[in-house]
Every structure is written in C-alpha cells, then in structure tokens.
Amino acid sequence: MKKALITGYRGQDGAYLSRFLLGKGYEVYGADRAGDSGQWRLRELGIEGRVKEVALDLLEASNISDALEKIQPDEIYNFAAQSFVLVSFTQPVLTAEINAVGVARLLEAVRKTCPKARFFQASTAELFGSTGSAQKNETTDFHPRSPYAVSKLYAHWLTVNYRQAQGMYACNGILFNHESPLRGEEFVTRKITTAVARIKNGLQETVAVGNLDALRDWGYAKEYVEGMWLMLQQPEADDYILATGEVHSVREFIAEAFAAAGMDLEWKGEGLDEKGIDARTGKVRVEISKEFYRPADVKELVGDAAKAKRVLGWEPKIKFKDLAALMMDAELKRQENIKVDL
Ligand code: NAP
C-alpha cells in the first residue's frame, strides 16, 4: 500500500485528492495546521475519519521533519498555502513565509528524511501575470503581479532546483483556476454561487464583487487532482500546465450562475457604477465594490495543457458552462439540505 502525505488536505484540492487516493487504495496522511476550518469538506465527501491526521504548520520546520520521518511517504502533495491573492497584498510577509519559505522548509526536510519520496508542488497560473493574452504553456515567461504570485514563483523555482540539483523527483503543476462546490467562499466563483442561491431563496438582496472584466481559465478541481496524481506516476519528474484552454470573464460567470438559477441578468452603468439587474423584477442583484479590486490585477489568463494531454493523457471534460451549472446545482441543493453529488 502506497503512502501519501497531503499538506493543506482540508482545503478544496486536498479534500478531493484525499478521496481520490483513498479510492486508489493509498494510505492517506492529511497535514493541516490547528483548527478545523475545512472539516466540512471531508464531511461532504464522506471521508471524515478515513485520512490519518497530522498536525503540521509550514511555518515550523521541526514539525515537518518529525512528520516525514515518522510517515516515510511515497508521495507528497504540497497544497498548504495562503492561497487568496487579495489577502497577499495586505499580508505579504506571512504569504511569503508560508508559500515560499514554507516550501523551502518542506523540500529540505524531504531531502534529509525521505529523498526518494515523489514531491508535487501546487504552482499557479498567477506566475504568468502580465505576459499578454496568448495561451500560456510551460515555456512562457513569468511576470508575477501579486505578493501571492511572487511567493509561488520562489516555490516554483525551488522545486525545479531540488529536481535538478538534488536529483529529487519534484514536479510543479502550473494550475489554472479550478473551482468546485468545495471552493472556499472567499473566492469569486463560490462567493457568487452561494449569493445567487441565497438571492433565489429570498435570503439576500445583492452581491458585491470586484473586477467584472478579469478573464480566467476555469476548470473543475475534481478533475485537476487526477492530473496532479498522474504527474507523480511518470518515469521522470517534470512540470505541467493544467488548464481548459477556454477563457471567460467574471461577468460571464455571474450571468451563467443567475441563468442556472432561472434568473436573467441585465448589465447597466459603467465602472464602479455598473449594476447587474434582474430582468424580470428590475431589482439590483450585483454591485461593484472597490474593496474587492486587487491593487494590480492580471487581465487575462488562459492555459495550453497540450503537454499534460500528450504525456499524462490528462484532459479536462468539464468546461466553463458545465462548471457554473454544477456549482449552482450544488449550492441550491445545500440550501435545501439535499445531499450534494461531489
Ligand atoms: P485552499 O482551499 O485555500 O487550501 C489551502 C490549505 O492550506 C488550507 O487547508 C489551509 O488551512 C492550509 N494552510 C494554510 N496555511 C498553512 C500553514 N501555514 N501550514 C499548513 N497548512 C496551511 O486552496 P486550494 O484551492 O485547495 O488550492 C490548493 C493549492 O493549489 C494552494 O497551494 C493554491 O495556492 C494552489 N492553487 C490553487 C488554484 C485554484 O484555482 N484553486 C490555482 C492555482 C494554484 P486553513 O484552512 O487553516 O487556512
């Protein structure tokens, strides 16, 4: 039986990967810091109690090496992160401590205690930042535009360095946005789907968002974790992009979410005064708030996952429209206490 250690296992990806690996017969060790903020995900996936819990904070080197020494995992998936881009502008040092130096602590502990373990780093499309609108691939230059992306850039290159300099099996998955009903509510897609369900049920009047024109490549997290696992099953370690190749705006996601809940939205006004209005009732449902704008945003991110398809045989099936529909369906069911198919 293979042993896998997943850091940040109660986050969106960690929860999906835990279930995926349990299904493959792995002994799964889940590492997270104190608290139970993501326990609901394990509960909803029906895997509560099946993952062996390990208390581990990426800020503390000694608990990392203690855990690795004890478990001796075959595979390590590093998802633990301060993963919210907007917060990184106000907490750049903490973001760097967790996302950058934390990965140095982890890789160094792997090198010393279990150098044969295969290592996956959750890298990000945000690394590309302002490198234009063409599809990004594994050879595109990076130009990060947030403290989050800068911290992840360090971790990205460090992972490459441990592969090249230390001969470790270490891979970066350069992940474009991937969402699901298990996404944290602070992220824009899930914030929208929870709000739309509440509006539909008369529990909320409006939802406030930031930049409607941000263009992103949105895939389904449940499919992405399989791509991450495939990266660790190859003869040689390498870096891969996971993406759908489709690009859509936040504005489009909002319209899809309302449509999936049976409401048509019309847009009126411009800039901060723009509003999304229910076409049937004339009620304002979407407002713009400066509070949710990033000080420096990335205009457009779309990925080319041809290498992942060619080498790993990985290809996403759920694209933008289906993703919005399945997230809305889950949200409406949750609010009616109906079990969600995740
Ligand atoms: P997530 O839901 O925010 O999960 C992150 C996890 O890391 C949470 O369980 C969090 O615990 C934990 N964590 C935070 N600080 C920690 C620390 N100091 N020590 C140990 N654990 C810590 O993120 P996700 O969406 O699953 O994403 C997984 C990874 O992929 C992240 O590294 C993210 O940056 C990266 N990524 C995600 C996307 C995406 O679209 N989802 C795209 C590109 C890259 P708490 O609940 O206690 O905070």
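Counting starts at 1 for both ligands and their atoms, in listed order. Index from 1, following the sequence.
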Report task. Please confirm whether F79 and Y9 have ring centers closer than 6.0 angstrom. Result -> no

**Report entry** Pairs satisfying salt bridge (Lys or Arg N to Asp or Glu O under 4.0 Å), at least one member in residues 34-48, at least two apart
**Finding:** R43-E48, E44-R334

Query - Residue that, paired with W218, satisfies ring pair (Phe, Tyr, Trp, His ring centres under 6.0 Å) out of F176, F187, F253 - result: F253

Requested in this report: Identify whether V103 and L153 are in the same connected component of the hydrophobic contact network (ILVMFWY, side-chain heavy atoms under 4.5 Å).
Outcome: no

Report task. With W229 as reference, evaluate Y16, F20, Y224 under the ring pair (Phe, Tyr, Trp, His ring centres under 6.0 Å) test and give the passing residue. Result -> F20

Query raised in the report: Would you call Q121 and F119 a side-chain contact if the rule is heavy atoms closer than 4.5 Å?
Result: yes

**Report entry** Pocket residues of ligand 1, ordered first by chain and then by residue number (heavy-atom cut-off under 4.0 Å)
**Finding:** G8, R10, G11, Q12, D13, D32, R33, S37, L56, D57, L58, F79, A80, A81, S83, I98, A122, S123, T124, Y148, K152, L175, N177, H178, R183

